[in-house]
Every structure is written in structure tokens, then in C-alpha cells.
There are 2 protein chains.
Amino acid sequence: MYEKKIPKNFSCGMAVLMEIIGGKWKSYLIYLINNDVRRPADLQRAIPSASRRVLDLQLRELEFHGIIKRVIYPEMPPKVEYFLTPFGESMLPVVAAMEAWGGEYMETFRQLMESKKKSMLTDGESVEIKDKPVIQRRRTLAKAV
Amino acid sequence: MYEKKIPKNFSCGMAVLMEIIGGKWKSYLIYLINNDVRRPADLQRAIPSASRRVLDLQLRELEFHGIIKRVIYPEMPPKVEYFLTPFGESMLPVVAAMEAWGGEYMETFRQLMESKKKSMLTDGESVEIKDKPVIQRRRTLAKAV
DNA sequence: GGGAATACGGAAAAAATTATCCGTATCCGA
DNA sequence: TCGGATACGGATAATTTTTTCCGTATTCCC
């Protein structure tokens with residue numbers, strides 16, 4: 001089993017949130033569970049391109065962080081369901097904001113990725129060569145570190 | 001230069017947003033640039049544990065997606081500054097929400113990660129063994145796929 | 001000359017994440 | 001018996017991200 005070597009620094013809330021939902025399928029999982037897709041096999045069917053192993057791993061991570069809870073039913077064949085916890089639900093407004101922002105940008109994004117695939121040369125478009133500026137340099141955080 | 005083999009699917013806004021700000025240092029970079037830390041060397045000094053190469057790469061990715069723009073001043077030694085674009089600024093409320101949520105959870109998070117390091121055996125705490133439920137199964141998205 | 005400042009890209013290595021493949025278990029039906 | 005259903009973990013391989021190391025350039029100062 002893999003053991004990480006480099007310690008991570010969670011000095012800002014963003015880093016914490018990214019650690020919690022940063023895996024490839026986690027946002028899909030949160031969405032599906034919140035929409036009543038609760039059983040592992042159903043989750044897998046809803047995301048056919050995902051590796052079952054990674055779905056399991058990421059479900060376990062969400063569980064570890066208290067975002068979801070796992071309910072095991074004592075029967076055969078095995079029956080398990082996942083539910084969002086109240087804590088997990090506290091994240092939903094944030095997830096919705098992220099989803100909304102991404103949805104607005106999606107069309108542009110796809111065109112960008114398409115043009116990137118075609119040319120692999122899209123640098124420089126937003127480069128601006130400036131004359132010597134007269135703008136007064138303001139205080140920077142770097143100096144405070 | 002690395003070329004990805006497995007195509008990614010951006011069928012939801014979350015996936016798009018995660019692609020844009022998903023790198024290890026990107027959220028830090030957005031925060032710093034929004035707080036007037038604009039020059040590459042200053043960004044590096046503000047995040048001493050980051051690899052300079054990756055900072056450059058992730059700045060380029062943010063630029064590619066139009067989140068920031070790079071301004072090159074014609075002078076020696078080289079002078080470059082990065083600015084948030086209006087589009088990048090449209091992301092700030094989302095970033096703030098993410099930051100706020102992560103900040104609230106931070107203390108619990110740290111304790112969790114600490115206990116994980118100690119025992120590597122934290123599974124099962126949220127497991128609930130249930131009697132046969134009488135809850136009526138509702139429609140699932142999986143069936144619609 | 002060497003070291004400091006500035007900025008940054010290619011190549012290769014290391015670390016981390018994801019995917020594949022093997023295995024565990026029970027029950028039911030062809 | 002085999003294949004389907006259910007759920008899931010260890011080991012290993014493949015892919016991806018991050019890091020290290022090499023290099024490019026100019027100017028200034030000791």
C-alpha cells in the first residue's frame with residue numbers, strides 16, 4: 001500500500017477542501033449520492049469509465065473525512081449504501097457554486113482544449129508587452145514573509 | 001514533454017473547475033496574485049516549499065485558461081508581472097466560498113490527519129449496521145443511464 | 001571570475017494517483 | 001459447474017503530477 005513521503009501543508013482552507021474533494025471521481029460521487037444513487041454497483045454503473053477500485057478508494061476517503069457514511073445491511077448478497085452526512089451536506093452550497101461557475105465556462109473551455117489538442121501552441125495570446133509603466137508599486141505580501 | 005494518454009471527460013462544471021484550479025499551488029497563486037504579489041520571484045518567495053518549475057508551469061496553465069494574464073516589461077533584468085483577468089476575478093466568490101468552508105473544517109481536519117498518521121486504522125467509525133429497512137426505494141439515476 | 005539579482009524551459013527522476021488484475025465471500029438460475 | 005448478481009481489498013502496473021537538474025539570457029557588484 002502506497003505511503004506518501006512529502007508532508008502536505010494545509011495552511012489555507014482551499015488546500016483543505018481540495019484534499020477532501022480533489023480525487024478524480026469525488027465530485028461525481030457526492031453528486032450521485034446526493035441524488036439517491038447510493039449503492040456501489042449503481043455508482044459504478046453511473047460512472048462507467050471509472051475504475052471500480054478507485055471508486056471504492058475515494059468512497060473510503062470521503063467516509064474518512066465524514067462527508068458520507070456507509071450503511072451495511074446484514075444480508076446476502078452484500079448490501080451497502082452510502083449517505084451524505086449533515087457535514088457532507090454543509091458542503092453542497094460550495095459544490096453548487098463550483099458547478100455553476102464551471103458550467104458557465106464549459107463551452108469556452110472545450111474550445112480551448114480542442115484548439116490545444118490541434119496546435120499544442122497556444123501560449124502567448126494573453127501576453128502584453130508594456131512600455132515602462134508609471135504605476136506606483138504597492139506593498140506586496142512577499143515582503144512581509 | 002509529457003503527453004496525456006487518457007482523454008478526460010468534462011461533462012460537469014465541477015470537472016471543469018477542478019481542471020482549472022486543481023494543481024497543487026494554483027489556489028495559492030490565485031490568492032497571492034489577487035493580493036498584489038505579481039512577480040514570479042515574489043510568488044516563489046511567498047511559497048518557499050513550492051518547486052519553481054511547477055510554479056511556472058501552473059502559472060502558464062492559469063494563463064492558458066484566461067484566469068491570469070502575463071505582462072512582460074521590456075527591460076533587463078527581465079521583469080514580468082501577472083494579473084487576474086476579469087474572467088479570473090469572476091472566480092473569486094467561488095474561491096472565497098471554498099476557502100471559508102475549508103477554514104471551518106480545518107481544525108477537525110488536522111486532528112483527523114494526525115490520528116491517521118498515528119494509527120493508519122481509522123476505518124469503520126462511521127459504519128452503521130442496519131436491520132432490514134422498511135424504506136421504500138426511490139428512483140435512482142443509475143436506472144436512467 | 002563568481003555570485004547576486006531578474007525570468008523560464010527541456011529532460012529526467014521521484015512521488016503520487018489511477019487502473020488492472022488477482023483474490024475473498026454468498027446466493028440464484030441456466 | 002458456470003455465470004450472473006451483490007461488495008471490496010492487496011499487489012502491481014500504468015499514467016500523471018511534481019521535483020530536481022540542467023541549461024538559456026543580461027546586468028551589477030565584490
Side-chain angles (χ1 to χ4, degrees), chain A residues 1-9 15 18-26 28-29 37-45 47-64 70-82 120-121 123-124 127 129-130 137 140 142, chain B residues 1-9 15 18-19 21-26 28-29 38-45 47-64 70-82 120-121 123-124 127 129-130 137 140 142:
Chain A
M1 184 158 112
Y2 192 79
E3 283 188 27
K4 302 185 184 185
K5 299 186 180 176
I6 301 178
K8 282 191 180 179
N9 179 345
M18 297 303 279
E19 181 72 15
I20 292 171
I21 64 169
K24 185 169 180 178
W25 306 108
K26 285 186 184 176
Y28 290 106
L29 290 172
V37 186
R38 300 201 176 93
R39 300 188 64 182
D42 292 337
L43 291 165
Q44 171 75 89
R45 273 187 288 268
I47 324 179
S49 56
S51 131
R52 192 269 305 161
R53 185 78 181 97
V54 170
L55 286 188
D56 287 348
L57 287 173
Q58 294 189 359
L59 284 166
R60 281 312 183 89
E61 280 172 31
L62 288 172
E63 186 189 351
F64 173 75
R70 181 169 57 138
V71 179
I72 301 176
Y73 298 88
E75 60 188 79
M76 264 300 166
K79 179 176 178 181
V80 164
E81 287 189 329
Y82 290 95
M120 300 298 283
L121 280 173
D123 284 332
V127 177
I129 311 292
K130 269 223 166 169
R137 171 73 63 87
T140 64
Chain B
M1 184 162 112
Y2 191 78
E3 283 187 29
K4 302 185 182 184
K5 299 185 182 179
I6 301 179
K8 282 191 178 180
N9 179 344
M18 297 303 278
E19 182 72 14
I21 64 170
K24 184 169 180 178
W25 307 106
K26 286 185 183 176
Y28 291 104
L29 289 171
R38 299 201 176 93
R39 299 188 64 181
D42 292 337
L43 290 166
Q44 171 76 88
R45 272 189 288 271
I47 324 180
S49 56
S51 130
R52 193 268 307 162
R53 184 77 182 96
V54 169
L55 286 188
D56 287 347
L57 286 173
Q58 295 190 359
L59 284 166
R60 281 313 181 93
E61 280 173 29
L62 288 171
E63 186 189 351
F64 172 74
R70 182 169 58 139
V71 178
I72 301 177
Y73 299 87
E75 58 188 81
M76 265 301 165
K79 177 175 179 183
V80 165
E81 288 190 327
Y82 289 96
M120 298 297 286
L121 280 173
D123 284 332
V127 177
I129 312 290
K130 269 221 162 168
R137 171 73 61 90
T140 63

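A note on names: the letters A, B, ... follow the listed sequences, proteins ahead of strands, and every chain is numbered from 1.
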#### Entry: Spatial distance of atom OH (A:Tyr28) from atom CD1 (A:Ile21) [nearest 0.5 Å]
13.0 Å

#### Entry: side chain to side chain donor-acceptor pair (under 3.5 Å) involving A:Glu61 - partner list, sequence neighbours excluded
A:Lys26

### Task
Please name all residues satisfying side chain to side chain donor-acceptor pair (under 3.5 Å) with B:Gln44, sequence neighbours left out, ordered by chain then number.
none

### Query
Between CG of A:Leu62 and CZ of A:Arg70, what distance do you get to the nearest 0.5 Å?
12.5 Å

### Summary
Once base and sugar-phosphate atoms are separated, protein heavy atoms under 4.0 Å mark nucleotides 10-21 of chain C, 5' to 3', with B, S and - as BB---SBBSBB-

### Query
With B:Tyr82, which residues qualify under ring-ring contact (aromatic ring centres under 6.0 Å, His included), at least two apart?
none

### Message
Would you compute the distance between atom OG of A:Ser51 and atom CD of A:Gln58 and round it to the nearest 0.5 angstrom?
### Response
8.5 Å

### Message
Reading DNA chain D from 5' to 3', where do the contacts with chain B start and stop? Cut-off is 4.0 Å to heavy atoms.
### Response
D:dT15 to D:dT26

### Task
First locate atom CG of B:Leu59, then atom CG of B:Leu29, and finally report the distance between them rounded to the nearest 0.5 Å.
5.0 Å

Sort me out a list of protein N/O and nucleotides 27-30 of chain C N/O pairs below 3.5 Å, or just none if empty.
none

### Message
Going by the rule salt bridge (Lys or Arg N to Asp or Glu O under 4.0 Å), which residues pair with A:Arg52 if we only count those two or more places apart in sequence or in a different chain?
### Response
A:Asp56

#### Entry: Axial bend angle, the helix from C:dG1-D:dC30 to C:dA30-D:dT1: five-pair end segments, nearest 10°
50°

### Message
For A:Leu55 versus A:Trp25, what's the shortest heavy-atom pair and its separation?
### Response
CD2-CB, 3.8 Å

### Query
Looking at residues at least two apart in the chain, or sitting in another chain, which of them share a salt bridge (Lys or Arg N to Asp or Glu O under 4.0 Å) with B:Lys24?
none

